[in-house]
Amino acid sequence: MKVNFVIGATASGKSGYAVNLAKKLSTEVVGADSVQIYREFNIGSAKIKAEEMCGVRHHLIDILDPECPFSVMDYQIEAKSAISDIARRCGEVVVCGGTGFYINSLVFELDELPSADAAIRARLECMESEELVDFARAAGMKLEGLDIKNKRRLIRAVEVFELTGKELGSFRSLPHTDIEPVFHYLRAERSFLYERINARVEQMIDCGLVAETESILKKYGASPQALGSIGYRQACEYLNGECNLEVMTENIKQATRNYAKRQETWFRRYLREFPADVNFINI
RNA sequence: GCCUUGGUAGCUCAGUCGGUAGAGCAGCAGACUGAAAAUCUGCGUGUCGGUGGUUCGAUUCCGCCCUGAGGCA
């Protein structure tokens, strides 16, 4: 099954491009964005507005309440089902988003790993990285190939080992799914992209990012995982009195630029595996 | 005009009891299997403000000049 993926760094103009492409192909759009999944995270996630959809139906945007946990596996299940439904009705499919990890789950199968286990994570979270390494060794786990300085990954690896008795690396099979991707990669000079990001952050703040964050905090507390994402995290710091508005603005711009760079690193490497299936669009 | 204090990496600053210098951030490059807008890794030559002097050797000590900040008149 052929699927169009509209990808690129944040603020590269994916949403608008995807709407146009979907209109041309008489089809619908599936989001691939880990924050836009959530209702109420609108301004800070640069979620497409109803009027900007121009009548094109969008899937996997606004499907969850803020307090619901969500992971790539959940994404894969939901997105695959939406994709086959759209393919059956419209023929073509457009997926659009900047979460490379989610895109990946549609192109390569995820191995049958256990899901996150809150109790195990809570227990491991209390340890320092070095303690975790000793703990894993003592449990008989092999550590080669593991990024032992990355606590979050280390915890995941130990979690998988405790639940299955096998190393995370031993699951690595990653077969292709039945999706044949065609990538539309939006790209720009780094400095130009950074200017667009700076301008968009100013816009988000003018449009009420702080008020949006405050309202989410009021309704759900600080626990929603998306509150840790760019924009919301800094707005929380501001609301906690940790910085003033100007510092918050600069911090959001900075974090967004850093993120855009990480996205480009991901996509650059990723697209090397599909040299014949990439349509480069310079913005 | 005088006094004090600063001028070192793109930015904020450390340091060299005289042997030409290093952190954080930025920037760049990279990793990525159920938290991924997350998490983590690697990369540091710059007339040490200018110019004279002392010295084998000065960014470091001394003189003068330029310049920022504060104070006294």
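Sequence lines set the chain letters: A, B, ... in the order given, protein chains first and strands last, and positions in each chain run from 1.
For RNA chain B, each stem of at least three Watson-Crick or G-U pairs (distances under 3.5 Å) is given as range with range: B:1-7 with B:66-72, B:10-13 with B:22-25, B:27-31 with B:39-43, B:49-53 with B:61-65.
Hydrophobic clustering, defined by side-chain heavy atoms of Ile, Leu, Val, Met, Phe, Trp and Tyr closer than 4.5 Å, groups A:Leu163 together with A:Ile120, A:Leu124, A:Met127, A:Leu132, A:Val133, A:Phe135, A:Met141, A:Leu143, A:Leu146, A:Ile148, A:Leu154, A:Ile155, A:Val158, A:Phe161.
Using a 30° and 60° split on the angle between ring planes, A:His176 and A:Phe108 fall in the tilted class, from 30° to 60°.
Backbone-only contact: A:Gln254 has heavy atoms under 4.0 Å from sugar-phosphate atoms and none from a base. Within 4.0 Å of A:Gly44, counting heavy atoms only, lies at least one base atom of the nucleic acid. Counting non-hydrogen atoms under 4.0 angstrom, A:Tyr194 reaches the backbone sugars and phosphates but no base. When heavy atoms are screened at a 4.0 angstrom cut-off, A:Ser34 is found touching base atoms of the nucleic acid. Contact annotation for A:Arg262: base contact, defined as any heavy-atom pair under 4.0 Å involving a base atom. Residue A:Glu250 is out of contact with every strand shown, counting any heavy-atom pair closer than 4.0 Å. As judged by a 4.0 angstrom heavy-atom cut-off over every strand, A:Ser45 is placed among the base-contacting residues. At the heavy-atom level, A:Val72 lies under 4.0 Å from the strands shown only through sugar-phosphate atoms. Counting non-hydrogen atoms under 4.0 angstrom, A:Tyr102 reaches the backbone sugars and phosphates but no base. Counting non-hydrogen atoms under 4.0 angstrom, A:Phe70 reaches the backbone sugars and phosphates but no base. As judged by a 4.0 angstrom heavy-atom cut-off over every strand, A:Asp33 is placed among the base-contacting residues.
Looking at A:Asn244, its side chain does come within 3.5 Å of a backbone N or O of A:Glu246 through a donor-acceptor pair. Formation of a donor-acceptor pair under 3.5 Å by the A:Glu78 side chain with backbone atoms of A:Leu60 is not found in this model. A side-chain donor-acceptor contact under 3.5 Å links A:Lys14 to the backbone of A:Ala9.
Taking 4.5 Å as the limit, some side-chain heavy atom of A:Asp65 sits within range of a side-chain heavy atom of A:Arg39.
Whole-Å rounding puts the A:Glu264 CD to B:rA31 P distance at 14 Å. Following rounding to the nearest Å, A:Asn251 (CG) and B:rC11 (P) show an atom-to-atom distance of 20 Å. Rounded to an integer number of Å, the gap from CG of A:Leu110 to P of B:rC32 is 15 Å. Distance CD1 (A:Ile7) to P (B:rA36): 18 Å, rounded to an integer number of Å. Rounded to whole Å, the distance from CG on A:Leu64 to P on B:rA35 is 14 Å.
For A:Ser229, taking side-chain heavy atoms from C-beta onward, the closest of the listed nucleotides B:rU41, B:rA37, B:rG34 is B:rA37. Listed nucleotides B:rG34, B:rA29, B:rG27 differ in distance to A:Lys261; the shortest reach to its side chain belongs to B:rA29. Listed candidates were B:rA37, B:rG34, B:rU33. Nearest to the side chain of A:Arg156 is B:rG34. The listed nucleotides are B:rG34, B:rU39, B:rA31; the one nearest the side chain of A:Arg269 is B:rA31. Nearest nucleotide to the A:Val35 side chain, out of B:rA36, B:rG30, B:rA37: B:rA37. Side-chain atoms of A:Glu125 lie closest to B:rA35 of the nucleotides B:rA26, B:rA35, B:rU33. When distances are taken from the side chain of A:Arg121 to each of B:rA35, B:rA37, B:rC40, the shortest belongs to B:rA35. Closest approach to the A:Met73 side chain among B:rC28, B:rG34, B:rA37 is made by B:rG34 (side chain taken as heavy atoms from C-beta onward).
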query: Can you check side-chain hydrogen bond (donor to acceptor under 3.5 Å, both in side chains) on A:Tyr238 and A:Gln234, steps first, answer last?
result: CA-CA 6 Å; A:Tyr238 166 71; A:Gln234 292 80 4; over 6 Å; no

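The same atom, C1', is picked in B:rU51 and in B:rG42; the two are 41 Å apart, to the nearest Å. B:rG46 and B:rU54 have their P atoms separated by 31 Å, given to the nearest Å. Straight-line distance between the C1' atoms of B:rC25 and B:rG34: roughly 33 Å, to the nearest whole Å. Taking atom C1' in both B:rU59 and B:rU20, one finds a spacing of 8 Å when rounded to whole Å. Rounded to a whole angstrom, the distance from the C1' atom of B:rA23 to that of B:rG18 is 23 Å. To the nearest whole angstrom, the two C1' atoms, one in B:rG6 and one in B:rC48, are 14 Å apart. Nucleotides B:rU45 and B:rG1 place their P atoms 41 Å apart, quoted to the nearest Å. B:rC72 sits 34 Å from B:rU16 when the C1' atoms are compared, rounded to a whole Å.
Between A:Arg190 and B:rC28 there is a side-chain N or O to OP1 or OP2 distance below 4.0 Å. At least one side-chain nitrogen or oxygen of A:Thr99 sits closer than 4.0 Å to the OP1 or OP2 atom of B:rA37. For B:rG27, one of the phosphate oxygens OP1 or OP2 lies less than 4.0 angstrom from a side-chain nitrogen or oxygen of A:Asn258. The side chain of A:Gln225 contributes an N or O atom lying less than 4.0 Å from OP1 or OP2 of B:rA36. A:Arg153 has no side-chain polar atom (N or O) that falls below the 4.0 Å cut-off from OP1 or OP2 of B:rU39.
Across A:Thr177 and A:Ser105, no two heavy atoms sit closer than the pair CG2-O, 4.3 Å. Minimum heavy-atom separation, A:Arg190 to A:Arg268: NH2-NH2, 3.5 Å.
To the nearest 0.5 Å, atom CG of residue A:Asn4 and atom SG of residue A:Cys96 are 11.5 Å apart.
For B:rG52, the base is anti relative to its sugar; the glycosidic angle deviates from 0 by more than 90°.
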Output a table of donor-acceptor pairs, distance under 3.5 Å, between side-chain atoms of residues 269-283 of chain A and any protein atom two or more places apart or on a different chain; print 'none' if there are none.
from     : atom 1 : to       : atom 2 : distance (Å)
A:Tyr270 : OH     : A:Asn104 : OD1    : 2.9
A:Asn279 : ND2    : A:His184 : ND1    : 3.1
A:Asn282 : OD1    : A:Arg187 : NE     : 2.9

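When each of A:Gly100 and A:Arg272 is assigned the nucleotide of RNA chain B with its nearest heavy atom, A:Arg272 is the one assigned upstream, toward the 5' end. Residue-to-nucleotide proximity on RNA chain B shows that, of A:Trp266 and A:Tyr232, the 5′-proximal contact is made by A:Trp266.
The salt bridge (Lys or Arg N to Asp or Glu O under 4.0 Å) analysis of residues 100-123 of chain A, with sequence neighbours excluded, yields the pairs A:Lys80-A:Glu109, A:Arg121-A:Glu159, A:Arg123-A:Glu162. Residues in residues 134-151 of chain A take part in no side-chain hydrogen bond (donor to acceptor under 3.5 Å, both in side chains) pair, two or more places apart or across chains.
Contacts between residues 273-283 of chain A and RNA chain B, defined by a heavy-atom separation below 4.0 Å, involve no residue at all.
A donor N or O paired with an acceptor N or O is found under 3.5 Å between the base of B:rU33 and the side-chain atoms of A:Asp111.
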